[in-house]
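Keep in mind that what you see is a predicted model, and the values were worked out from it rather than measured. Hydrogens, waters and symmetry mates are skipped; everything else that's a heavy atom, side chains included, is used. All chains are named by letter (A, B, ...) in the order of the sequence lines, taking the proteins before the strands, and each is independently numbered beginning at 1.
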Amino acid sequence: MSLLLAAAAGFKTPYFDYHALAPELVLTGVICLVLVVDLVVDETRKYLVTQLAGVGLLASLIPILTLAAKGGFPRSMFGGAYVVDHFALLLKGLFIVSGYIVLLMSSNYIEEGDYHEGEFSFLLLSSLLGMVVMSSSRDLIGIFVALELLSIPAYLLAGWRKRDLRSNEASLKYYLLGVLTSGVMLYGMSLIYGVTGSTLLRAIRPVISGGGGEQPIVAVGIFFVVVAFAFKVSAVPFHFWAPDTYEGAPTPVTAFLSVASKTAGFVALMELIYIGFLGRDDVWAPMFWVLAALTMTVGNLIALRQTNIVRLLAYSSIAQAGYILVPFAVAGSNGRALQSAQTATIVYLMIYAAMNLGAFGVVIAVARKTRSGEISSYGGLGEYAPGLAWTMTGFLFALAGIPPLGGWFAKFYVFRAALDAGGGWAVALAVVAGLNSVIALFYYANIAREMWMSPVPDGDTTPVIVPPALTAAMAISLAVVVAIGVYPQAFARLGDLASLVR
Amino acid sequence: MLNTLDTWALTLAVFIPLAGVVVLGFVDRTWEKGLKGITLLVSLLTLADGIYLLARFDYGASDALQFEVNRHWIDAINSHYHVGIDGISLPMLVLSMFITVLCVVYSWDHFPEPYNPKSFLMLILVLEVGMNGTFVAEDLILFFVFFELVLLPMYFMIGVWGGPNRQYASIKFFLYTLFGSALMILGFLAIYFKGGQTFDIPELVAKGGIASHVTELWIFGGLFMGFAIKVPMFPFHTWLPDAHTEAPTVGSVILAAILLKLGTYGFIRIAIPILPDAAKSWAPWIGGLAVIGIIYGALGCLAQRDLKRLIAFSSVAHMGFVMLGISTLTSYGINAAVFGMVAHGLITGMLFFLAGSIGERFGTREINRLGGLLVQAPKLGWILGFCAMASLGLPGLAGFWGEFPAILSAYQPAAGLNEALFRGYMVVASIGTVLAAGYLLWMYQRTAFGLPRDEFAEAHIHDIHTPEWIAWTPLLVAIVALGVYPHLLFHVTTDAVDGVTAALKAVGG
């Protein structure tokens with residue numbers, strides 16, 4: 001006992017900036033509350049739990065706004081392992097809003113499918129907490145813990161349609177590959193730690209870009225970490241789990257995985273690459289070049305042949321991840337390129353979240369009537385549900401990058417980052433990205449063609465009944481997509497503000 | 001008051017149609033009279049704005065940007081809402097407004113299957129937003145957004161309201177153009193980085209070249225792909241006949257009259273003045289492709305059996321003349337090109353109206369099944385003859401002033417270009433005019449002369465309807481007016497074109 005006390009004597013309470021931690025604290029409180037309330041409300045009133053979760057999410061946005069208003073960044077804690085700055089705040093906001101939209105989309109889905117409601121909200125919020133923590137982590141261990149916190153609930157969510165074998169398969173596949181990823185990542189991180197003697201990203205940077213970086217083991221460490229995150233963001237050739245998982249998981253969860261979970265992967269990559277490994281672009285830049293080119297091209301080419309819309313959106317989201325990887329490949333060339341690469345990634349993530357969530361919203365709405373995920377079941381949608389068809393058209397052509405819908409600006413920023421870096425390789429990658437956006441148009445337009453130019457397959461033209469929560473989810477997404485397309489300045493400014501390194 | 005209106009006039013030209021789209025969105029789709037009335041009113045208001053511009057335009061200073069507005073838009077990339085017009089954009093802008101009104105009038109009782117006038121009229125107005133916007137934009141990003149804005153409505157117009165093979169044609173059109181735009185936007189970005197981080201067109205033009213010769217050649221290549229596919233020039237033209245054949249009449253008219261001009265306009269407004277040095281190296285190739293297009297288009301016409309497809313191929317040939325004029329890089333040639341753009345817009349637009357009306361009456365556009373139009377519908381037959389004459393470049397009608405000076409300009413291309421080569425082009429292009437006379441007269445002979453075929457002998461073929469008269473008369477008048485008095489247009493364009501060629505002279509050579 002005395003020994004323990006003696007050890008504790010040297011322990012100093014670390015500095016807690018409660019205001020900076022408020023979003024996480026509110027979220028944690030809501031998670032506990034959801035768990036408790038779920039125990040006491042009876043079976044017929046489970047929707048209350050979902051509503052509580054929604055309100056709680058919105059409540060956790062409040063401290064983000066007050067923090068943004070107060071300023072005084074960066075607010076650093078635990079020796080620089082946990083930092084709240086513009087970058088962290090913006091992405092926390094993005095995660096929470098995306099999570100809120102997913103909750104809106106899933107409430108009726110889960111209720112009508114007779115799945116567990118309370119636990120669904122609980123797991124969704126826990127995963128979101130992991131993402132929120134990820135935005136602030138500036139430390140290898142912090143990043144790992146955040147990644148596990150966001151992944152483990154997601155494995156369960158993927159299997160939520162427990163009576164459906166494909167959902168079970170989705171969950172298992174996702175789980176096994178997720179665990180493999182964690183292993184690979186930890187191995188890479190341990191090598192980095194072994195060389196640098198620190199888990200703090202900002203302490204790692206000078207060592208590996210200075211003399212210690214010459215050791216080949218650093219390159220191996222970076223390689224493993226990047227490969228692990230390539231799994232996480234489903235970059236080719238580490239993408240094969242994604243289509244099966246996306247197709248098998250409940251559609252709202254698919255939306256969540258393809259947007260929020262993927263964004264979290266990119267956030268971690270940004271922190272690792274731009275803070276920790278910045279000086280070693282000789283190692284990671286070629287890796288990202290190959291990953292980006294392969295991911296865009298393979299994702300798009302396979303998407304061309306899909307007949308199921310969820311699978312198609314899965315491959316489309318793989319291809320979109322390819323565009324997001326482009327800035328990473330060119331960030332190392334010079335200071336200005338680094339700057340525009342970061343902005344491009346952040347802006348792309350924001351716009352991508354809105355367009356992809358929206359597209360999944362429409363898929364959920366249409367499936368309520370057709371009970372089918374086949375693209376052919378979209379025939380004649382423009383006739384009997386013009387509102388839904390217009391909305392979907394908007395999201396599809398936004399994803400394809402046609403002005404004046406938001407997606408063009410995201411792609412434009414990626415091109416800008418590439419040309420800002422200059423040089424033959426960067427320009428070549430930009431051309432690959434440009435050609436890929438043409439390939440992608442074909443399958444996006446194919447869905448539009450089905451909706452507007454084909455007859456209704458079964459002649460059933462009863463209108464689609466869309467619950468208000470789902471309508472709200474689609475409306476928010478559509479508003480964002482159109483607003484960005486017409487006046488991108490607002491988002492470009494956020495992107496500039498949120499740069500991780502200057 | 002007038003000054004305020006001057007500032008807002010161009011913005012209104014772009015956004016009145018957009019406001020119209022929003023209003024139409026709230027109108028009940030079963031109230032057709034209201035939908036048509038609102039659309040007509042909106043397009044007329046836009047045209048009124050165009051007439052105001054015509055009246056207030058300072059023709060003495062047509063090389064300067066007028067009605068200019070320059071506001072912040074996307075500061076993060078230093079892109080501005082910069083609009084303005086000079087003597088080159090003014091005719092194109094007014095043409096676009098004019099054609100839109102006529103298309104709305106023509107649509108009055110000509111809605112193709114599957115009907116749905118609400119969506120159709122909305123698409124026409126969205127197209128107008130894009131077209132007007134492209135012609136007034138003075139910022140590359142603004143230009144790009146408007147340039148792309150026309151794709152979606154045209155895709156849907158062909159794909160939903162088009163002929164039997166519409167789905168194939170619409171996606172082909174979309175993919176081809178997007179392929180060009182993807183390279184074009186990369187070119188724009190390269191210009192931005194090499195040209196001092198600005199997208200402002202006048203500012204970039206003033207620099208008189210922005211990068212080393214080799215870099216400029218590559219950038220020009222990117223822009224070339226974007227614009228040449230839109231024109232379309234010879235190897236990239238295959239989307240055009242399909243799109244035209246399948247598109248509904250109004251779609252064909254807008255496509256031929258305005259959308260193709262976005263490409264040639266891009267060359268004159270952006271590619272040549274910003275990259276004058278590269279333009280000189282590219283000019284012989286552009287000229288070569290242009291004359292191949294002239295001959296290829298004409299031969300293609302001779303082999304066509306579908307009236308619309310024939311007119312589509314004739315567009316390839318006519319745009320070849322326009323591009324030949326541009327490729328000479330002389331004031332003379334580019335003036336001819338601008339005139340050719342307007343003339344082609346009027347004449348080919350009119351021809352597509354006619355083809356649409358003939359197809360509607362007979363249920364077919366196959367030339368071999370038609371015949372004796374002059375017997376069954378004499379007025380329609382005469383107007384078709386008139387337009388065929390105008391299209392083949394008969395002196396006294398508008399087509400002549402686009403074609404003849406373009407050929408002539410190749411005799412003396414800009415300094416530094418290979419004279420012998422361009423004279424060769426000139427000879428080839430002249431053969432093209434003979435072929436043009438051939439295919440148009442042959443087409444006319446087969447459709448209009450003789451007696452009606454047996455299958456239509458008993459059919460009652462209605463001569464021209466009132467909405468058709470209203471839509472067509474202004475076009476016919478304009479074709480004659482410009483043909484008799486070309487100065488009407490040349491005096492607007494000349495100074496502005498001189499401004500473009502001045503940039504070329506500055507680089508010497």
Could you tell me which of B:Tyr155, B:Tyr81, B:Phe144 has the largest number of non-hydrogen atom pairs under 4.5 Å with chain A?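 Ranked by heavy-atom pairs under 4.5 Å with chain A, first place is B:Tyr155.
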If you count heavy-atom pairs under 4.5 Å between each of B:Leu175, B:Leu151, B:Val160 and chain A, which one has the most?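 Top count of heavy-atom pairs under 4.5 Å with chain A: B:Leu175.
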Check this for me: B:Lys36, atom NZ, are more than 12 non-hydrogen atoms of other residues, nucleotides or ligands nearer than 6.0 Å?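 Yes.
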Check whether more than 12 heavy atoms from other residues, nucleotides or ligands sit under 6.0 Å from atom CZ of A:Arg336, and answer yes or no.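 Counting neighbours around CZ of A:Arg336, more than 12 heavy atoms of other residues, nucleotides or ligands fall under 6.0 Å, so yes.
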Report yes or no: does A:Ser477 contribute a side-chain atom to a donor-acceptor pair with the main-chain N or O of A:Met355 at less than 3.5 Å?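 Flag not set: sc A:Ser477 to bb A:Met355 has no pair under 3.5 Å.
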Assess B:Lys230 against B:Tyr265: is NZ or CZ under 6.0 Å from the centre of the six-membered ring, and within 45 degrees of the ring's axis?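 Negative - B:Lys230 is either too far from the ring of B:Tyr265 or too far off its axis.
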Chain B contact via [X] - side chain, backbone, both or neither, heavy atoms under 4.5 Å:
X        : result
A:Phe415 : both
A:Val347 : neither
A:Phe412 : both

For chain B, find which of A:Gly382, A:Ala445, A:Gly485 contributes the most heavy-atom pairs closer than 4.5 angstrom.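 The residue among A:Gly382, A:Ala445, A:Gly485 with the greatest pair count is A:Ala445.
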So which of A:Val431, A:Val427, A:Ile402, A:Asp420 has the biggest tally of heavy-atom pairs under 4.5 Å with chain B?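 Between A:Val431, A:Val427, A:Ile402, A:Asp420, the count favours A:Asp420.
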Does the pair B:Val69 and B:Leu10 meet the rule for a side chain to side chain contact (heavy atoms under 4.5 Å, CB included), with working shown? CA-CA 8 Å; B:Val69 176; B:Leu10 290 182; 5.9 Å; no
For A:Ala421, all residues meeting side chain to side chain contact (heavy atoms under 4.5 Å, CB included), sequence neighbours excluded: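 By the side chain to side chain contact (heavy atoms under 4.5 Å, CB included) rule, A:Ala421 matches A:Val330, A:Ser333, A:Ala337, A:Ala426.
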Answer with side chain, backbone, both or neither: which region of [X] has an atom nearer than 4.5 Å to a non-hydrogen atom of chain A?
X        : answer
B:Phe193 : side chain
B:Leu149 : both
B:Leu186 : both

Residue pairs passing the side-chain hydrogen bond (donor to acceptor under 3.5 Å, both in side chains) test where at least one lies in residues 387-402 of chain A, sequence neighbours excluded: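 Listed once each, the pairs are A:Thr393-A:Trp452.
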